[in-house]
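Please read the structure below before turning to the comments.
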Amino acid sequence: QGECQRCEDPVSVPSSAKPSSLAHLQAGKSQWKLSMEPVVLRYCKALESLSYPYPQCDLCTNDHAFEHVVAEKHYKQVWRKLDEVDHLSYADAREDFWQVHPFQNGRFCLRFNH
C-alpha cells in the first residue's frame with residue numbers, strides 16, 4: 001500500500017497514557033461534534049475532489065454515511081471501542097481507529113482516524 005502523509009494534526013492529544021484521555025472525548029458529545037465536524041467535512045471534500053465514492057463509516061456496523069462520524073451514536077461507538085483498547089498505549093490503540101481509502105491501485109491513500 002502507498003505511503004500515507006498527514007494532512008491534519010489530531011483534533012486533540014491524550015492527557016495521559018490512556019487513549020480515552022483525549023480532550024475532545026472527555027468534554028462530551030457536544031464538544032466532540034464541534035471538534036470533529038470541520039475535519040469530517042474537509043475529509044469528505046478531499047475524497048470528493050479525487051472522485052472517490054462517498055464513504056460510509058467503517059467503525060460502526062449500520063453502514064452510516066460518513067457525516068455520521070459527528071453524531072452521538074458514533075461518539076458512543078468510539079467510547080465502546082475505546083473500552084476494548086484502553087489498556088494499550090495511545091499509539092497502539094489509535095491503529096484500531098483508522099479508516100483507509102486507497103487510490104490508484106493502492107499507490108496512495110487518504111485515511112481518517114475516528
Side-chain angles (χ1 to χ4, degrees):
Q1 192 173 47
E3 183 178 333
C4 290
Q5 300 293 321
R6 178 180 286 180
C7 296
E8 297 209 23
D9 289 327
V11 172
S12 66
V13 294
S15 59
S16 74
K18 290 196 167 279
S20 61
S21 69
L22 290 159
H24 72 292
L25 285 169
Q26 291 292 329
K29 65 182 184 208
S30 295
Q31 184 59 46
W32 165 267
K33 183 173 184 170
L34 286 173
S35 298
M36 296 298 288
E37 195 164 42
V39 178
V40 169
L41 290 174
R42 284 191 298 272
Y43 188 77
C44 288
K45 282 187 184 280
L47 290 173
E48 182 181 12
S49 73
L50 295 165
S51 300
Y52 198 88
Y54 196 79
Q56 294 180 321
C57 173
D58 285 354
L59 191 67
C60 297
T61 59
N62 297 339
D63 296 326
H64 292 292
F66 205 74
E67 68 265 10
H68 151 84
V69 170
V70 302
E72 180 180 1
K73 285 184 179 181
H74 185 82
Y75 173 76
K76 289 178 178 179
Q77 177 63 19
V78 168
W79 274 108
R80 282 190 289 278
K81 181 85 170 162
L82 278 171
D83 284 343
E84 297 172 14
V85 298
D86 212 33
H87 64 283
L88 300 173
S89 70
Y90 169 69
D92 289 341
R94 194 174 172 191
E95 292 304 312
D96 285 353
F97 289 84
W98 286 114
Q99 183 165 340
V100 178
H101 297 100
F103 294 89
Q104 297 180 352
N105 297 321
R107 288 191 303 199
F108 75 97
C109 65
L110 289 181
R111 63 185 192 157
F112 183 89
N113 196 284
H114 292 267

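For this chain, numbers begin at 1 and follow the sequence in order.
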If you look at every heavy atom in [X] and [Y], which pair is closest and at what distance?
X: Tyr75; Y: Gly28; answer: OH-CA, 3.3 Å
X: Val78; Y: His114; answer: CG2-O, 4.1 Å
X: Ser12; Y: Leu22; answer: O-CD2, 3.4 Å
X: Pro38; Y: Ser35; answer: CD-O, 3.8 Å
X: Leu82; Y: Pro19; answer: CD2-CB, 3.7 Å
X: Phe112; Y: Val39; answer: CE1-CG1, 3.8 Å

Is it true that Phe97 and Val13 fall in one hydrophobic cluster, defined by side-chain heavy atoms closer than 4.5 Å?
->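 As far as the 4.5 Å side-chain criterion goes, Val13 and Phe97 are not connected within one cluster.
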Within one Ile-Leu-Val-Met-Phe-Trp-Tyr cluster: Val85 and Trp79, side-chain cutoff 4.5 Å |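 Linked within one cluster.
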Should the heavy atoms of other residues, nucleotides or ligands under 6.0 Å from CD of Glu48 be counted, would the total exceed 12?
->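 Atom CD in Glu48 is not crowded, with 12 or fewer foreign heavy atoms closer than 6.0 Å.
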Drop me the distance from His24's NE2 to Lys33's NZ, to the nearest 0.5 angstrom.
->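 With rounding to 0.5 Å, NE2 (His24) is 15.0 Å from NZ (Lys33).
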What's the spacing between Ser30 OG and Glu72 CD if we round to 0.5 Å?
->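 One gets 8.5 Å once the value is rounded to the nearest 0.5 Å.
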Taking only Lys NZ, Arg NE, NH1 and NH2, and the carboxylate oxygens of Asp or Glu, determine whether Arg80 and Glu84 approach each other closer than 4.0 Å.
->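 No salt bridge links Arg80 with Glu84.
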Evaluate the criterion side chain to side chain contact (heavy atoms under 4.5 Å, CB included) for residue pair Trp32 and His74; output intermediate values, then yes/no.
-> CA-CA 10 Å; Trp32 165 267; His74 185 82; 3.6 Å; yes
Results of side chain to side chain contact (heavy atoms under 4.5 Å, CB included) for Leu34 - residues two or more places apart only |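 With sequence neighbours excluded, Leu34 shows a side chain to side chain contact (heavy atoms under 4.5 Å, CB included) to Gln31, given in chain and number order.
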Check whether any side-chain heavy atom of Tyr90 lies under 4.5 Å from a side-chain heavy atom of Pro10, and answer yes or no.
->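 A side-chain contact under 4.5 Å exists here.
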Heavy-atom distance under 4.5 Å between the side chains of Glu8 and Tyr43, does that happen here?
->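 No, side chains not in contact.
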Report the relative orientation of the aromatic rings in His64 and His68; use parallel for angles under 30°, tilted for 30 to 60°, perpendicular for over 60°.
->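 Geometry flag for His68 against His64: parallel rings.
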Are any side-chain N or O atoms of Ser21 and backbone N or O atoms of Pro14, one a donor and one an acceptor, separated by less than 3.5 Å?
->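 Not confirmed, Ser21 side chain does not pair with Pro14 backbone.
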With a 3.5 Å cut-off and sequence neighbours excluded, list the donor-acceptor pairs that the side chains of residues 50-63 form with protein atoms.
unit_1 : atom_1 : unit_2 : atom_2 : d
Tyr54  : OH     : Glu67  : OE1    : 2.4
Gln56  : NE2    : Asp63  : O      : 3.4

